[in-house]
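The model shown is predicted, which means the values in this text are computed figures rather than measured ones.
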Amino acid sequence: MIINGPNLNLLGQREPGIYGSETMESCLKALRERYKDVVIDYYQSNVEGELINKMQEAGFYGDYKGIVLNAGAYTHTSVALHDCIRSLRCPVVEVHISNVHQREAFRHQSMISAACKGVICGFGLDSYRLAVEALLAL
């Protein structure tokens, strides 16, 4: 399951100098073509509680083998997401399209990294592929 947080519904249009011009739909298409034997579901919300509900549905009550999570700005603020990740029965890989450590100082701190299996950042939308590969290797 790939889960994206706030403003990531605007990929391909929003700040292309940081996030590129590729859409999430084209990224998902490429991932599904590359990993034909893997079901890759996708969810995006701008609402923190909805992200938590979806992660619990997928990783606690569901039978997903892993979650790729780009929590967007909630990465830097949400103890609730951290607590949710710690409760899940499947691993979570934190993903960022940009290298957050080359950006504003407030983006250098992640509230969710300690609860995640690993973190991938700075490889554009290819960060999602790297996260899927990491989960498949577990």
> Short question: side chain of Ser127, backbone of His96 - any donor-acceptor pair under 3.5 Å?
Replying inline: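 A pair under 3.5 Å: yes.
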> Would you say the side-chain atoms of Arg103 pair up with the backbone N or O of Ser98, donor to acceptor, closer than 3.5 Å?
Replying inline: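 Here the side-chain-to-backbone pair does not exist.
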>> Nearest 0.5 angstrom please: Lys117 NZ to Cys90 SG, how far?
In response: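 Between atom NZ of Lys117 and atom SG of Cys90 there are 12.0 Å.
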>> How long is the straight-line distance from CD1 of Ile2 back to CG of Leu8, given to the nearest 0.5 Å?
In response: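 So the CG of Leu8 and the CD1 of Ile2 are separated by 12.0 Å.
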All side-chain hydrogen bond (donor to acceptor under 3.5 Å, both in side chains) counterparts of [X], not counting sequence neighbours:
X     : value
Asn99 : none
His82 : none
Thr23 : Ser26
Asn4  : Tyr42, Tyr128

> Got more than 12 heavy atoms from elsewhere within 6.0 Å of OH, Tyr19?
Replying inline: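 Result for OH/Tyr19: enclosed.
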> Mind checking who shares a hydrophobic cluster with Leu81, ILVMFWY linked at side-chain heavy-atom distances under 4.5 Å?
Replying inline: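 Direct or chained contacts put Leu81 with Met1, Ile3, Tyr43, Leu51, Ile52, Met55, Phe60, Tyr61, Tyr64, Ile67, Leu69, Tyr74, Ile85, Leu88, Val92, Ile112.
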> With clusters built from Ile, Leu, Val, Met, Phe, Trp and Tyr whose side-chain heavy atoms come within less than 4.5 Å, directly or transitively, what are the remaining members of the cluster of Val47, listed by chain and number?
Replying inline: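 Noted: Val47 shares its cluster with no other residue.
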> What residues form a ring pair (Phe, Tyr, Trp, His ring centres under 6.0 Å) with His76, not counting sequence neighbours?
Replying inline: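 Once residues adjacent in sequence are excluded, His76 has no partner under the ring pair (Phe, Tyr, Trp, His ring centres under 6.0 Å) criterion.
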>> Determine whether Glu94 and Thr75 satisfy the following criterion, side chain to side chain donor-acceptor pair (under 3.5 Å), listing intermediate values before the conclusion.
In response: CA-CA 9 Å; Glu94 177 184 346; Thr75 299; 4.6 Å; no
Tell me the salt bridge (Lys or Arg N to Asp or Glu O under 4.0 Å) pairs involving [range], sequence neighbours left out?
range            : result
residues 125-138 : Arg34-Glu133, Asp126-Arg129, Arg129-Glu133
residues 61-86   : none
residues 37-61   : Lys54-Glu57

>> Asn7: which residues meet the side chain to side chain contact (heavy atoms under 4.5 Å, CB included) condition with it, sequence neighbours left out?
In response: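 Partners of Asn7 by the side chain to side chain contact (heavy atoms under 4.5 Å, CB included) criterion, ordered by chain and then number, come out as Arg14.
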> How would you list, by chain and number, every residue that makes a side chain to side chain contact (heavy atoms under 4.5 Å, CB included) with Gln13, sequence neighbours excluded?
Replying inline: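 Listed in chain order: Leu10.
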